[in-house]
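To keep things clear, I will list the structure first and then write my remarks on it.
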Amino acid sequence: MVVDFSVNFDLNQDLPILNIKGEIDIHTCPKLQDSLKEFTEKNKSNIVLNLQDIHYIDSTGLGTIAYTAKEIGKANHKVIVVCDKPQIKKIFEVSGLLSKNIELLDSIAEVAQSKQE
Amino acid sequence: MVVDFSVNFDLNQDLPILNIKGEIDIHTCPKLQDSLKEFTEKNKSNIVLNLQDIHYIDSTGLGTIAYTAKEIGKANHKVIVVCDKPQIKKIFEVSGLLSKNIELLDSIAEVAQSKQE
Amino acid sequence: MSNSPLEMKITIPCSTEFVSIIRLAISGIAARMNFTVEDIEDIKISVSEACTNAIQHAYGNNPSSDNEIFITARMHPEELEIEVEDKGTGFDLGILGTAPQKEASEKKMGLGLGITFIKNLMDHAEFSSKIDSGTVIRMFKKSPKPFQ
Amino acid sequence: MSNSPLEMKITIPCSTEFVSIIRLAISGIAARMNFTVEDIEDIKISVSEACTNAIQHAYGNNPSSDNEIFITARMHPEELEIEVEDKGTGFDLGILGTAPQKEASEKKMGLGLGITFIKNLMDHAEFSSKIDSGTVIRMFKKSPKPFQ
Ligand SMILES: Nc1ncnc2c1ncn2[C@@H]1O[C@H](COP(=O)(O)OP(=O)(O)O)[C@@H](O)[C@H]1O
Ligand SMILES: Nc1ncnc2c1ncn2[C@@H]1O[C@H](COP(=O)(O)OP(=O)(O)O)[C@@H](O)[C@H]1O
């Protein structure tokens with residue numbers, strides 16, 4: 001079914017986490033863009049995009065993530081995408097988007113780990 | 001999504017149970033009809049239709065159940081429909097189908113209970 | 001933006017496997033219009049029954065890509081309108097609810113429930129049918145909050 | 001039964017909220033044709049990207065019931081064919097993959113990924129476009145077992 005789309009910041013973690021739920025497509029993407037813009041204007045740090053509750057992402061969603069990565073990359077920060085769904089991971093891989101400042105991890109737990117390394 | 005439809009008999013219970021999964025509509029109904037026909041030809045007893053894993057039923061499904069009830073009603077047997085989904089229960093109620101030989105119960109556990117009463 | 005309501009049109013062949021796809025698409029539209037889960041179920045069943053009738057009665061259950069069913073969803077600001085049209089046999093609306101119709105329905109293992117469901121589960125429904133020309137059912141459901 | 005493939009046609013207005021409904025309907029068709037979950041995802045994304053392009057580029061993101069997008073799914077015995085057509089601006093296919101196009105895409109926050117996805121995720125895709133007249137994309141995916 002058509003699931004509600006929501007974007008919520010969790011700032012009480014080591015790194016700020018954006019929890020996104022639903023489907024990211026041309027219809028819902030503007031909401032994500034707004035949230036990310038608001039965030040990057042206020043915060044100067046790495047950011048975690050939690051896509052565990054996302055079951056669809058299209059090129060507009062990837063474009064928005066790439067744009068954010070470019071913006072925060074200027075200050076040497078990066079976007080950490082958390083997702084373990086094979087179909088979503090595949091889209092990131094086909095897109096050729098993964099680079100040194102867009103990282104793809106399987107779980108939030110791995111974020112903490114990768115920080116320590 | 002479009003879910004697979006399946007019909008399975010469980011004859012190892014007090015009463016024979018037909019476990020039905022998926023959506024009952026004009027497309028899947030013939031399969032249900034065949035199973036019920038096969039059953040009523042071989043068995044002379046009450047029958048439990050377990051609709052707990054059904055998320056849709058239409059008038060063709062109700063028609064098939066009513067037909068079976070009529071057939072086995074000739075030998076004073078009845079159809080016990082098990083279902084606790086409000087939307088499915090509503091359809092049975094709007095249909096006006098529930099009668100002394102089509103009974104609607106919320107759980108398999110209640111079948112055993114209603115037998116003892 | 002033009003003033004006419006947003007409209008989605010779907011054409012399916014008279015073939016049973018497409019009815020569940022229509023239910024999916026119509027649920028999607030209804031969810032976008034903020035209908036409740038219960039209302040969405042009611043709409044799904046009503047549209048599904050109209051399509052089922054077209055397949056069973058209008059085209060005599062003869063699956064063919066020539067026998068088409070036309071479904072139109074119109075998203076009005078305050079209600080969803082759905083039209084299901086076939087170009088099949090048509091029927092005499094006067095028979096609805098009569099004894100001979102009940103008998104005829106039962107012969108085909110039907111219960112005369114399809115139209116009963118549409119009338120009971122939608123807010124309003126209009127039927128028109130012409131022998132040898134086809135049937136159109138238009139059904140309406142008020143949306144919980146004004147749309148757009 | 002006629003020999004032409006079963007065909008489902010959907011017309012939507014150029015409005016973003018309909019793209020998810022197209023995905024639902026297309027998943028339904030693909031599931032009926034026994035495609036794997038992975039294939040269904042690939043088909044969903046490809047069709048969705050084609051619709052998104054029509055909304056963004058063909059009709060300049062101007063939601064209107066006059067600007068329509070036409071989606072046709074044809075269930076061939078061994079493959080699913082999906083056509084997405086718009087009557088919008090059209091574009092020069094020659095620009096695809098060139099540096100100026102990449103630049104233009106990026107200006108619109110795009111990545112030039114839509115068509116890349118379609119080409120990579122479907123077995124085969126054909127593009128045709130005419131300036132001021134519109135664009136048609138036809139895409140094909142072989143089904144795992146012959147259908148029907
Ligand atoms: N689209 C249609 N084309 C032709 N006849 C129809 C159509 N829809 C309904 N009918 C007629 O109206 C009768 C009642 O329909 P319905 O209430 O759905 O009950 P049922 O399908 O169980 O017979 C049908 O038996 C049929 O004769
Ligand atoms: N339906 C269409 N109508 C007009 N132009 C289109 C259409 N589809 C694609 N294009 C053009 O092709 C370019 C590449 O499309 P695409 O690969 O989807 O990337 P993006 O949408 O990110 O720019 C678009 O920027 C646009 O100029």
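Here is the naming used below: chain letters follow the sequence lines, and residue numbers restart at 1 for every chain.
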task: Examine whether an atom of B:L97 lies under 4.5 Å from a heavy atom of chain C, and if so say whether it belongs to the side chain, the backbone or both; otherwise answer neither.
output: side chain
- prompt: Are the charged groups of B:K90 and C:E38 less than 4.0 angstrom apart, N to O?
  reply: yes
Show the atom names and distances, to 0.1 Å, of all donor-acceptor pairs under 3.5 Å that link a side chain in residues 112-123 of chain C to residues at least two apart or in another chain.
unit_1, atom_1, unit_2, atom_2, d
C:T116, OG1, C:G112, O, 2.9
C:N120, ND2, C:T116, O, 2.8
C:D123, OD2, C:K142, N, 2.7

query: For C:T16, which of B:D25, B:I26, B:T28 qualifies under side chain to side chain contact (heavy atoms under 4.5 Å, CB included)?
result: B:I26
query: So which pairs with a foot in residues 26-54 of chain B pass ring-ring contact (aromatic ring centres under 6.0 Å, His included), sequence neighbours left out?
result: B:F9-B:F39
query: For C:S20 and B:Y56, does a side-chain donor sit closer than 3.5 Å to a side-chain acceptor?
result: no
- prompt: Roughly how far, to the nearest 0.5 Å, is the NZ atom of C:K44 from the CD atom of B:E23?
  reply: 6.0 Å
message: Measuring from atom CD of C:E41 to atom NZ of B:K85, what distance do you get when rounded to the nearest 0.5 angstrom?
response: 10.0 Å
message: Tell me whether B:K100 at atom NZ has more than 12 heavy atoms from other residues, nucleotides or ligands lying less than 6.0 Å away.
response: no
